[in-house]
Amino acid sequence: MAGRRDIAFIDPARSAAAPLAEMLALNERHKTQTSPLDAARLAALLDASSLARATPDGAAFLIAFDEGSDYDSPNFLWFRNRLERFLYVDRIVVAESLRGRGIARALYGEAFAAAALAGRDRVVCEVNLVPPNRGSDAFHAALGFAEVGRGAPAPGKVVRYLAREVAKRETTS
């Protein structure tokens, strides 16, 4: 399994070499678990994000927002209406060929470190309950996330809202 130091990440919000087409294609393959994106929406998300990381080839990425971000997602707004300081992971996607190598864990490590450095006390996200996303449920449970609520942000979709407290000492290495 790859360790955090074995994985190179770029900031696609600030890199001219960002693999945007690859990120869009990857998101498209997983739009049931995330949500659909087009190029304009991806650019807007990256511009508004407080944390964005991707592998240089776009085969894995994470986009996150803090409580002050200008973002209209009903899931993000659910957290903003309830929490004072947090980092919301809007989407994390890893290509099937890279799963099991620690990349999602390393991306979350980036999120935990960013939250801790900014004085945020938790990282939050949502995972589909309907349609079910059992793999994501198990992954988030292994990282220490716990359910803090549920919602139905769109017809035919029910989510579990998850949170994980962040220790001030968490940093990337």
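Sequence positions, counted from 1, serve as the residue numbers for this chain.
Salt bridge Arg41/Asp38: absent, no basic N to carboxylate O contact under 4.0 Å. Arg80 has no carboxylate O lying under 4.0 Å from a charged side-chain N of Glu67, or vice versa, which leaves the two without a salt bridge.
Through side-chain heavy atoms spaced under 4.5 Å, either directly or across other Ile, Leu, Val, Met, Phe, Trp or Tyr residues, Leu129 is tied to Val130, Val158.
Separation of atoms CG (Leu26) and CZ (Arg91) is listed at 10.5 Å; rounding is to 0.5 Å. If you take CG on Leu162 and SG on Cys125, they are separated by 4.5 Å, rounding to the nearest 0.5 Å. Here Ile103 contributes atom CD1 and Leu98 contributes atom CG; the two are 4.0 Å apart, rounded to the nearest 0.5 Å. A distance of 10.5 Å separates CG in Asn133 from CD in Glu126, rounded to the nearest 0.5 Å. For the atom pair Leu107 CG and Phe9 CZ, the distance stands at 3.5 Å (nearest 0.5 Å). Between the CG atom in Leu37 and the CD atom in Glu28 there is a gap of 9.0 Å [rounded to 0.5 Å].
Evaluation of the ring-ring contact (aromatic ring centres under 6.0 Å, His included) rule for Phe61 yields no partner, not counting sequence neighbours. The side-chain contact (heavy atoms from CB on, under 4.5 Å) test applied to Asp137 returns Val127, Arg160, not counting sequence neighbours.
Residues Arg120 and Val166 share a closest heavy-atom pair of O-CB, 4.1 Å. Taking each heavy atom of Pro153 and Pro74 in turn, the nearest pair found is CB-CG, 3.9 Å. The shortest non-hydrogen separation linking Val94 to Ala60 is CG2-CB, 4.0 Å. Summarising the geometry of Ser35 relative to Asn27, their closest heavy-atom pair is O-ND2, 2.8 Å, with the distance given to 0.1 Å. The heavy-atom pair separating Ala111 from Leu51 by the smallest distance is CA-CD2, 3.5 Å. Here the closest heavy-atom approach between residue Ala116 and residue Ala167 is recorded as CB-O, 3.5 Å.
Annotation: Asp70, atom CG; neighbour count of heavy atoms from other residues, nucleotides and ligands within 6.0 Å does not exceed 12. Residue Glu84 qualifies as open at atom CD: its count of foreign heavy atoms under 6.0 Å is 12 or below.
Taking 4.5 Å as the limit, every side-chain heavy atom of Leu87 sits out of range of all side-chain heavy atoms of Phe65. Contact of the Glu110 side chain with the Leu62 side chain is not registered, since no non-hydrogen atoms from C-beta on lie closer than 4.5 Å. Contact of the Ser49 side chain with the Ile63 side chain is registered, since non-hydrogen atoms from C-beta on lie closer than 4.5 Å. Contact annotation: the side chain of Glu165 never approaches that of Asp121 to less than 4.5 Å [non-hydrogen atoms, C-beta and beyond]. Contact of the Val124 side chain with the Val89 side chain is not registered, since no non-hydrogen atoms from C-beta on lie closer than 4.5 Å. Looking at heavy atoms from C-beta onward, Leu77 lies out of side-chain contact with Tyr71 at the 4.5 angstrom threshold.
Although no hydrogens or angles enter the test, the distance criterion places a donor-acceptor pair under 3.5 Å between the side chain of Arg164 and the main chain of Leu143. Ser50 contributes a side-chain N or O that, together with a main-chain N or O of Asp66, makes up a donor-acceptor pair within less than 3.5 Å.
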Let me see the working for Glu22 and Asp57 under side chain to side chain contact (heavy atoms under 4.5 Å, CB included), right down to the final yes or no. CA-CA 7 Å; Glu22 292 80 359; Asp57 61 0; 5.9 Å; no

Apply side chain to side chain contact (heavy atoms under 4.5 Å, CB included) to the pair Lys157 and Asn128, showing each step before the final yes or no. CA-CA 7 Å; Lys157 193 170 205 177; Asn128 288 353; 3.0 Å; yes

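A perpendicular orientation is assigned to the rings of Phe145 and His140, their planes being inclined by more than 60° (bins at 30° and 60°). Between Trp78 and Tyr161, the ring planes are parallel. Angles under 30° get that label, and only those over 60° would be called perpendicular.
Cluster annotation: Val123 is not connected to Val148 through the hydrophobic network of ILVMFWY side chains, with a link wherever side-chain heavy atoms come within less than 4.5 Å. Connection of Leu45 to Ile92 is not established within any shared hydrophobic cluster, with ILVMFWY side chains joined at heavy-atom distances below 4.5 Å, either directly or through further cluster members. Cluster membership for Leu42 and Phe76, using ILVMFWY side-chain heavy atoms within less than 4.5 angstrom, is shared. Put simply, Val93 and Leu24 are part of the same group of oily side chains (I, L, V, M, F, W, Y) that touch within less than 4.5 Å, one to the next.
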